[in-house]
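From a predicted model like this one, the values you see are computed outputs, not experimental measurements.
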Amino acid sequence: MTLNTTRQRATIIHGYAATPEDHWFGWLAAQLDARGIPTTVPALPDSEAPDPDRWLAAVATSVGTPDEGSTLVAHSLGCITALRHLCSLAGPWRLGALVLVSGFVDPLPTLPTLDSHIGKPLDLAGIRNHVDKLTLIRSDADPYVPPSHTDRLADLLGASTQVIPGAGHFLASDGVTSLPAALAAIASSRRTGGEADGEAGGELTRTR
């Protein structure tokens, strides 16, 4: 039997108008650190007036070229930036786990100021082949990202969506300061080495 000795690491990418200390980011980072997965939550520049190129550069610096020991978690606008970085990678790469929370790649009716982040459509067709464990999480009534937006992103990625009822946009103001579903998805990827997505992520989570 060959043991996987790749060093584990995780990066959490926050969203619009957020900081690394907000919402559930610090909780998840602490949980992963405690499990032996060093985790960083980079502060993206000017999060209340985000520039897509500066955000992409910051994510590229933090994530670099991932490997099977890498985990990438992103929330909301951070999902587009994370996916854009992955799409930009040249040469071989692998990602052990990708967790997208309230992700979208289409303009948001409630936040037209973020349209510049959408830009040209991303070619997501090949992403799934590089990711061992892919999980998308949404709520049933997100006031900023319509559930259909996250479902469409899941379809583009060839994945299913986990739904957490009543979680809003997964903000602290929604009462979400921890996210067991994300932790469960990452833990599952470490146990199984990348089984099919769509597993339950805690008792609050159901699969679409």
Side-chain angles (χ1 to χ4, degrees), residues 1-15 18 20-42 59 62-76 78-79 82-83 85-86 93-103 127-140 150 153-154 157-172 174-208:
M1 179 177 67
T2 301
L3 296 177
N4 182 358
T5 58
T6 302
R7 184 177 69 88
Q8 296 188 27
R9 63 187 179 98
T11 307
I12 301 171
I13 306 300
H14 68 71
E21 292 75 34
D22 288 341
H23 315 313
W24 43 269
F25 311 138
W27 174 87
L28 182 58
Q31 293 292 319
L32 294 174
D33 281 334
R35 288 161 172 76
I37 305 175
T39 303
T40 59
V41 191
V59 169
S62 295
V63 177
T65 301
D67 56 34
E68 60 269 23
S70 304
T71 292
L72 182 56
V73 181
H75 176 236
S76 192
C79 295
L83 289 169
H85 169 63
L86 295 178
W93 62 274
R94 194 92 203 150
L95 183 59
L98 176 61
V99 180
L100 304 175
V101 182
S102 289
I127 293 291
R128 188 68 182 90
N129 295 330
H130 291 271
V131 179
D132 292 331
K133 173 74 176 183
L134 175 58
T135 303
L136 288 93
I137 299 171
R138 67 165 174 84
S139 74
D140 55 347
T150 302
L153 174 58
L157 290 169
S160 59
T161 308
Q162 293 184 6
V163 181
I164 301 183
H169 192 54
F170 297 90
L171 307 177
D174 297 314
V176 180
T177 55
S178 65
L179 194 52
L183 181 61
I186 297 166
S188 173
S189 75
R190 300 306 170 186
R191 287 195 306 270
T192 65
E195 290 182 354
D197 59 302
E199 299 173 13
E203 63 183 18
L204 292 180
T205 304
R206 62 181 175 83
T207 303
R208 171 170 73 94

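The distance from the OG1 atom of T135 to the CG atom of L157 is 11.5 Å, given to the nearest 0.5 Å. A distance of 9.5 Å separates CG of D33 from OG1 of T40, quoted to the nearest 0.5 Å.
Ring planes of H130 and W93: parallel class, angle under 30° (limits at 30 and 60°).
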One pair to check against side chain to side chain contact (heavy atoms under 4.5 Å, CB included): V73 and L179. What are the steps and the verdict? CA-CA 11 Å; V73 181; L179 194 52; over 6 Å; no
Decide side chain to side chain contact (heavy atoms under 4.5 Å, CB included) for I13 and H75; before the verdict, give the C-alpha distance in whole Å, the side-chain angles of both, and the deciding distance to 0.1 Å. CA-CA 6 Å; I13 306 300; H75 176 236; over 6 Å; no
Under the side chain to side chain contact (heavy atoms under 4.5 Å, CB included) criterion, do H169 and D174 qualify, and how do the steps go? CA-CA 7 Å; H169 192 54; D174 297 314; 3.9 Å; yes
Would V176 and I164 satisfy side chain to side chain contact (heavy atoms under 4.5 Å, CB included), going step by step from the backbone distance to the final call? CA-CA 11 Å; V176 180; I164 301 183; over 6 Å; no
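Residue A182 comes nearest to L28 through the heavy atom pair CB-CD2, 4.2 Å, listed as atom of the first residue, atom of the second, then distance. Across every non-hydrogen atom of H23 and F170, the tightest pair is CB-O, 3.9 Å. The minimum heavy-atom distance between P66 and G64, with the atom names listed, is CD-O, 3.3 Å. Looking at every heavy atom in both residues, A159 comes nearest to L136 through CB-CD1, 3.7 Å.
A side chain to side chain contact (heavy atoms under 4.5 Å, CB included) with L72 is found for exactly one of V59, V131, V99, L95, namely L95.
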